[in-house]
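Some notes on the structure that comes next.
Note that this is a predicted model, so its numbers are computed, not measured. The first residue of the sequence shown is numbered 1, and numbering continues consecutively from there.
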Amino acid sequence: MDIDFKDYQLRCELRGHEDDVRGICVCGDGNIATSSRDRTVRLWTPSASDKRKYEAAKVLLGHKSFVGPLAWISPSGELPEGGIVSGGMDTLVMVWDLRTGEARTLKGHQMQVTGITLDGDDIVSASVDCTLIRWRNGQPTEHWEAHKAPVQAVIRFPSGELVTGSSDKTLKLWRGKTCTQTFVGHTDTVRGLAVMPDLGILSASHDGSIRLWAVSGECLMEMVDHTSIVYSVDSHASGLIVSGSEDGFAKIWKDGVCVQSIEHPGCVWDAKFLEDGEIVTACSDGAIRIWTNQQDRMADSAELELFDSGLSSYKRSRKRVGGLKLEELPGLEALQVPGTTDGQTKVIREGDNGVAYAWISSELKWDKIGEVVDGPEDSMKHPVLDGVQYDYVFDVDIGDGEPIRKLPYNRSDNPYDTADKWLLKENLPLSYRQQIVEFILANSGQSDFNLDSSFRDPYTGSSAYVPGAPSQLAAKQARPTFRHIPKKGMLVFDVAQFDGILKKINEFNNALLSNQEKKNLSLTDIEIARLGAIVKILKDTSHYHSSKFADADIDLMLKLLESWPCEMMFPVIDIFRMVILHPDGAAGLLRHLEGKEDVLMESIKRVTGNPSVPANFLTSIRAVTNLFRNSAYYNWLQKHRSEILDAFSSCSSSPNKNLQLSYSTLLLNYAVLLIEKKDEEGQSQVLSATLELAENESLEVDARFRALVAIGSLMLDGLVKRIALDFDVENIAKAARTSKEAKIAEVGADIELLIKHS
């Protein structure tokens with residue numbers, strides 16, 4: 001059904017849980033049930049005194065660890081007020097009688113229960129142990145391995161089939177215990193599932209996307225707008241879709257396009273539609289929130305102000321700009337102090353953003369450059385334990401009234417070593433070892449790891465004594481493991497302020513129109529409109545797989561790169577930087593470059609040859625960095641490597657934090673490429689440039705980190721390791737090892753370990 005979309009606003013907040021709210025169940029009687037890391041299930045009912053609000057009705061206690069999936073059982077003779085089914089980290093499925101608050105416990109899974117659905121009178125549960133169990137009258141009637149990796153979700157399709165999603169990146173359709181269809185397309189764990197009425201199946205994934213599938217297995221649509229793991233997805237009869245993500249947003253989708261993003265003060269674990277189209281979200285701050293598009297149900301101004309204040313406070317506490325906390329940046333009053341050199345940059349706090357200004361000596365003023373956006377790694381949140389950052393920090397429930405233990409783990413670590421050290425540290429029996437290893441592998445999605453039950457004491461190096469076992473005459477030499485090297489994959493700068501870019505181009509174009517000598521360089525109204533159309537395509541990231549650029553679009557971009565005055569180039573380069581990330585844009589540009597004068601390289605030389613425009617350096621180095629996203633440009637990048645690195649070499653001594661980060665990212669991408677290509681000469685040049693950059697004492701934290709990762713990756717490959725040692729890399733590693741920044745210290749330790757194994 002087609003609808004006119006109205007923005008959702010906060011209706012009310014439900015407070016009561018003492019930790020993350022993990023799951024939501026919309027009950028058929030108008031109530032809402034929620035689950036939490038605090039081990040409880042709570043029931044909420046509409047308030048009799050205020051139609052906008054809900055009240056706490058019941059707290060259900062019984063799980064021994066955090067609670068996840070929920071399902072609603074309609075009232076019956078056995079359950080006159082209905083029931084709730086819950087699954088927990090404690091491996092239990094619990095069936096709650098809402099009249100008495102008592103529960104029946106179903107035991108059968110070996111690991112965490114991740115999904116619950118009802119199939120008629122049966123309950124079907126999914127687990128990290130890779131299985132599904134069908135329960136009837138409290139007893140397991142069917143139990144089968146559904147995937148070779150943890151099952152993360154299960155739903156029932158209206159025609160009676162079951163659908164599962166797994167850490168193996170697939171969905172499966174089941175008739176009974178027979179898999180009739182496997183859905184392949186996601187590039188990471190499938191975390192959430194929902195039925196899309198009359199169309200098919202929705203899936204949410206750790207790859208950041210939501211997909212709509214036909215029952216035949218065909219992917220009908222991919223929706224991309226989240227910047228991190230998508231945990232949940234739901235649909236409404238109106239055709240709207242809602243998703244919740246690690247990035248702190250609940251996003252609402254219509255016809256495959258994100259029409260609204262609702263920001264939360266934490267991770268959005270779950271999001272569900274109520275029957276009337278309102279939305280319920282579960283957040284890591286312990287709150288449940290209901291969102292409405294009905295004017296008479298919206299929260300009053302005081303409640304909205306309180307929410308906005310809390311959200312702003314949360315964002316300020318977490319936001320970093322150029323490696324600095326936003327709240328530590330100076331305010332606008334800092335612009336009253338004149339600059340010292342032409343082109344000097346300063347980042348100022350304006351509201352919830354960091355904004356860059358450049359000093360123009362000739363005009364004695366600070367000129368606004370634009371909002372500062374941190375590099376891609378800044379959005380990748382990693383948990384911290386005891387001041388050290390890890391890929392994962394798991395909660396381990398030993399049971400028997402013992403407190404929850406924290407188990408840190410990095411994917412680069414050997415899970416057996418991790419388990420051994422952790423068990424000794426926690427003074428737990430080594431008999432738990434295999435169980436801990438399997439827990440780590442299941443929860444980190446490492447389904448392809450070869451299990452090896454041999455034990456080696458992590459402190460003495462001795463093997464375990466096993467009565468009657470043959471002695472081991474020789475042991476394999478342990479290979480060192482590293483936290484941050486080698487670097488795999490390329491980094492890009494994929495955020496742009498499109499409206500500001502177009503505004504700047506229009507401003508420059510008006511200046512050309514008013515200048516008789518340069519009027520011929522100005523854009524026509526049709527060309528301005530074409531630029532607007534290009535930006536519209538770039539904004540619509542959910543259709544990158546199908547949207548196309550006309551040849552005239554690419555011709556226009558190349559014309560501007562060739563002909564516009566150098567001092568006006570940076571907004572043009574910024575659009576070009578984003579066109580490169582569009583599959584068709586990158587392919588179209590490559591077609592236009594073949595057999596012609598190398599406009600791209602000439603443009604780079606032109607803008608870097610005029611150092612009086614710092615914005616040109618920043619946008620052009622980021623544009624070149626983005627070329628690494630597409631392997632079709634690898635030959636070009638390798639061919640022009642020396643010219644490109646020479647053009648941007650002055651960045652190594654620049655005080656501009658954004659230039660430092662961009663330059664270090666360019667060098668890191670080159671390191672990854674040249675390692676792959678076994679290009680020793682190229683690796684030597686990149687190593688030399690990176691070592692020079694790493695010695696800059698005022699280097700921004702993330703720029704320093706990326707430079708060190710590049711050095712470590714090049715050394716690990718071996719071709720230029722001796723050169724690094726000759727350049728006294730040991731002192732650089734020692735300085736990094738003593739850094740107060742955890743990730744700098746860790747990569748410094750990686751390089752020291754490499755030196756030790758020389």
So Thr418 and Leu407, side chain to side chain contact (heavy atoms under 4.5 Å, CB included) or not? Walk me through it.
CA-CA 9 Å; Thr418 299; Leu407 168 58; 4.0 Å; yes

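- Gly489 and Val672 make their closest contact through O-CG2, 3.9 Å (heavy atoms, listed as atom of the first residue, atom of the second, distance).
- The shortest distance between side-chain heavy atoms of Leu691 and Ile711 falls below 4.5 Å.
- By the 6.0 Å and 45° rule, Arg37 stacks over the aromatic ring of Phe66.
- To the nearest 0.5 Å, atom CG of residue Asp225 and atom OG of residue Ser209 are 12.0 Å apart.
- For the pair Phe705 and His484, the minimum side-chain heavy-atom distance is below 4.5 Å.
- Under the side chain to side chain donor-acceptor pair (under 3.5 Å) criterion, Thr690 pairs with no residue, sequence neighbours left out.
- Judged as a salt bridge (charged side-chain N to carboxylate O under 4.0 Å, His left out), and not counting sequence neighbours, the contacts of Glu263 are Lys315.
- Classification of Arg39 and Asp19 as a salt-bridged pair fails, no side-chain N sitting under 4.0 Å from a carboxylate O.
- For the pair Ser713/Ile485, a side-chain contact is recorded, criterion being any heavy-atom separation below 4.5 Å from C-beta on.
- The structure places CG of Leu202 at 11.5 Å from CH2 of Trp213, a figure rounded to the nearest 0.5 Å.
- His147 and Trp174 have perpendicular rings, their planes meeting at more than 60° on a 0 to 90° scale where under 30° would count as parallel.
- With values rounded to the nearest 0.5 angstrom, Thr114 atom OG1 is found 11.0 Å from Met89 atom CE.
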Which is it for Gln152 and Ser167 under the side chain to side chain contact (heavy atoms under 4.5 Å, CB included) test, yes or no, and what are the steps along the way?
CA-CA 7 Å; Gln152 297 288 357; Ser167 296; 3.0 Å; yes

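- Among all heavy-atom pairs drawn from Leu311 and Pro265, the shortest one is CD1-N, 3.7 Å.
- Crowding of Glu18 atom CD: a count of heavy atoms from other residues, nucleotides or ligands under 6.0 Å not exceeding 12.
- Side-chain atoms of Ser205 come within 3.5 Å of backbone N or O of Thr189 as a donor-acceptor pair.
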Please assess Leu667 against Arg706 for the test side chain to side chain contact (heavy atoms under 4.5 Å, CB included), listing each intermediate value before the final yes or no.
CA-CA 8 Å; Leu667 292 173; Arg706 294 180 189 185; over 6 Å; no

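- The nearest pair of heavy atoms linking Leu132 to Ala126 is CD2-CB, 3.5 Å.
- Distance OG/Ser166 to NZ/Lys148: 11.5 Å, rounded to 0.5 Å.
- Residue Leu754 comes nearest to Met715 through the heavy atom pair CD1-CB, 3.9 Å, listed as atom of the first residue, atom of the second, then distance.
- Contact detail for Gly115 and Pro69: the closest heavy-atom pair is N-CG, 3.6 Å.
- Remark: side-chain polar atoms of Ser232 are not paired, donor with acceptor, to backbone N or O of Gly192 under 3.5 angstrom.
- No donor-acceptor distance shorter than 3.5 angstrom exists from the side chain of Asp270 to the backbone of Ala282, with no hydrogens or angles considered.
- Listed by chain and number, the residues in a side chain to side chain donor-acceptor pair (under 3.5 Å) with His17 are Thr34, Asp38, Thr40, Arg42 (sequence neighbours excluded).
- Of the residues listed (Ile116, Val85, Val41), the one engaging Leu70 in a side chain to side chain contact (heavy atoms under 4.5 Å, CB included) is Val41, and it is the only one.
- Ring pair Trp269/Tyr231 is tilted by interplanar angle, where 30° to 60° counts as tilted.
- Judged by distance alone, the side chain of Ser245 and the main-chain N or O of Ile229 form a donor-acceptor pair under 3.5 Å.
- Taking every heavy atom of both residues into account, Glu700 and Gln660 meet most closely at N-OE1, 2.7 Å.
- Legend: residues meeting ring pair (Phe, Tyr, Trp, His ring centres under 6.0 Å) with His63, ordered by chain and number and at least two apart, are absent.
- For Phe628, the ring pair (Phe, Tyr, Trp, His ring centres under 6.0 Å) test picks out Tyr670, with sequence neighbours left out.
- Under 4.0 Å is where a charged nitrogen must lie from a carboxylate oxygen, and between Lys172 and Asp168 no such pair does.
- No side-chain donor-acceptor contact under 3.5 Å links Gln110 and Ser127.
- The line from CH2 of Trp135 to NE2 of His143 is 8.0 Å long, rounded to the nearest 0.5 Å.
- Counting heavy atoms from C-beta outward, Asp702 and Lys743 have side chains that approach closer than 4.5 Å.
- When the salt bridge (charged side-chain N to carboxylate O under 4.0 Å, His left out) test is applied to Asp750, no partner is found at least two apart in sequence or on another chain.
- A distance of 9.0 Å separates CG in Asp129 from OG1 in Thr91, rounded to the nearest 0.5 Å.
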For a side chain to side chain contact (heavy atoms under 4.5 Å, CB included) check, start with the C-alpha distance between Arg134 and Leu162, then their side-chain angles and the critical distance, and finish with the verdict.
CA-CA 11 Å; Arg134 179 181 294 275; Leu162 296 176; 4.0 Å; yes

